[in-house]
Amino acid sequence: AQGDATGAEIERSLSEKVIKDNRIKIKENIFVLDILTGHNICYGVLVFDNNTEKVMAYLTKSTILASGGAGQLYCNTTNPDIATGDGIALAYRGGAKVADLEFIQFHPTALYHQGSPKFLISEAVRGEGAILKNLKGEPFMSIYHPHAELAPRDIVARAIVDQMKKTKSNYVHLDATKIKHKFSKRFPNIHKKCLSLGINPEKEYIPIAPASHYTMGGIKTDIWGQTNLTNLYACGECSSTGVHGANRLASNSLLEGLVFGNRIAQKIKENKTYYSIKKLKELNLSYSLPREKYKDYHSVKLKQELQNLMWNKVGIIRNSSNLKQAKQKIKEWKLLIFKSKLETVEEFELANLIILADLVTNAALLREESRGAHYREDFPERDDINWKKHIIY
Ligand SMILES: Cc1cc2nc3c(=O)[nH]c(=O)nc-3n(C[C@H](O)[C@H](O)[C@H](O)COP(=O)(O)OP(=O)(O)OC[C@H]3O[C@@H](n4cnc5c(N)ncnc54)[C@H](O)[C@@H]3O)c2cc1C
């Protein structure tokens with residue numbers, strides 16, 4: 001749909017339908033803090049209303065989390081600022097099971113430029129014939145895999161990291177000049193973005209580097225989007241339905257979101273036994289945690305430190321020593337942030353990121369093998385005898 005803007009097209013058509021349907025009440029600028037649970041049942045959500053700066057409870061018959069991934073765990077990411085894994089962290093806090101969090105996919109070819117998120121140069125560009133070259137102008141992918149440019153994402157990402165190390169550079173090049181006759185037509189958005197940064201992909205090489213891209217793990221669900229908590233469902237990138245295994249194939253996540261969103265709707269229609277109240281109500285609550293404001297706490301700085309730590313120690317190539325160092329640091333930050341009073345959306349998001357960083361690091365340390373997107377240089381082989389299983393928290 002719409003060339004290289006499939007997600008935008010899904011959003012456009014869904015939004016159009018939702019706006020037209022007057023049975024659907026839209027609430028914007030509302031941040032979900034927690035799920036309300038008891039006896040393994042989800043009764044709704046606790047939210048922070050950014051418009052009024054009030055904390056409210058929404059009691060619901062069914063709650064569906066569709067809050068996206070956690071790319072913001074890393075300093076280099078293709079994900080938008082909202083991808084702070086809130087849904088996964090708050091579901092975990094509320095007693096929902098989370099699975100496969102060590103499997104974070106790094107996209108090999110994000111445009112190398114200042115700022116975040118990093119602009120994605122789609123796999124399809126290599127599919128059409130673009131070639132990766134190091135800074136000496138040498139193609140290198142055939143050294144790493146017989147499928148060269150078309151090798152799986154994790155292999156291409158590691159090969160690029162290796163070449164970056166060898167050439168002491170922060171990026172490599174993508175040479176799309178051989179497909180210049182079709183580039184602008186086939187990839188109109190990429191073409192436009194490159195031109196806006198002063199790179200003409202029809203004539204020049206595109207500087208690229210890997211970036212975190214997709215959270216394979218998340219809230220564990222069955223194949224109907226049902227979590228282990230009654231009346232709580234999850235779909236899209238925040239969920240772990242299992243369909244992506246350890247290494248999602250390109251283009252499958254939008255499809256997953258559509259399929260499981262639809263399945264959840266069917267399931268909810270069939271569900272006759274609600275444990276929740278009959279009608280949706282809004283309650284005014286007072287919400288104050290008995291915490292001291294920690295004096296040296298600075299959310300922007302701490303978020304950057306966390307993202308750098310995750311990139312350097314829990315990133316594309318992992319090992320026990322780095323993971324243990326990360327675990328220790330995250331433990332300190334966890335203590336720090338949960339002593340502090342959380343007041344803004346940025347602080348709530350940071351707390352969620354720290355919870356997730358802890359879970360991702362623990363799972364990555366535990367899984368002493370390499371599988372899909374999880375690569376341990378100290379355990380480089382896949383180990384089906386000991387590790388053909390999920391890590392669930
Ligand atoms: C650059 C890029 C290109 C991609 N290309 C493709 C592709 O070609 N094909 C493909 O299949 N996949 C692609 N993906 C992956 C795919 O886009 C995502 O997996 C998918 O959009 C996730 O959809 P989602 O609905 O689960 O979450 P999102 O689209 O991230 O939506 C989550 C929503 O939840 C809201 N939210 C989050 N936390 C809270 C909170 N605490 N309270 C209230 N609201 C909250 C957010 O504001 C957001 O509106 C791409 C991803 C990126 C980043």
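Remember, it's 1-based here, ligands and their atoms both numbered in the order they're listed.
Listed by chain and number, I30, F31, V32, A66, S67, G68, T78, N79, I82, D86, L120, H213, Y214, G236, E237, R248, S251, N252, S253, L254 each place a non-hydrogen atom less than 4.0 angstrom from ligand 1.
Rounded to the nearest 0.5 angstrom, L258 CG and L14 CG are separated by 7.0 Å. Rounded to the nearest 0.5 Å, atoms CG (L232) and CG (L36) are 11.0 Å apart.
A search for side-chain hydrogen bond (donor to acceptor under 3.5 Å, both in side chains) contacts involving E123 returns R126, R153, not counting sequence neighbours. Shown here are the side-chain hydrogen bond (donor to acceptor under 3.5 Å, both in side chains) partners of Q307, two or more places apart in sequence or in another chain: Q72. Residues satisfying the side-chain hydrogen bond (donor to acceptor under 3.5 Å, both in side chains) criterion with T37, sequence neighbours excluded, are absent altogether.
Y214 and L359 are not part of a single hydrophobic cluster, where members link through side-chain heavy atoms under 4.5 Å apart.
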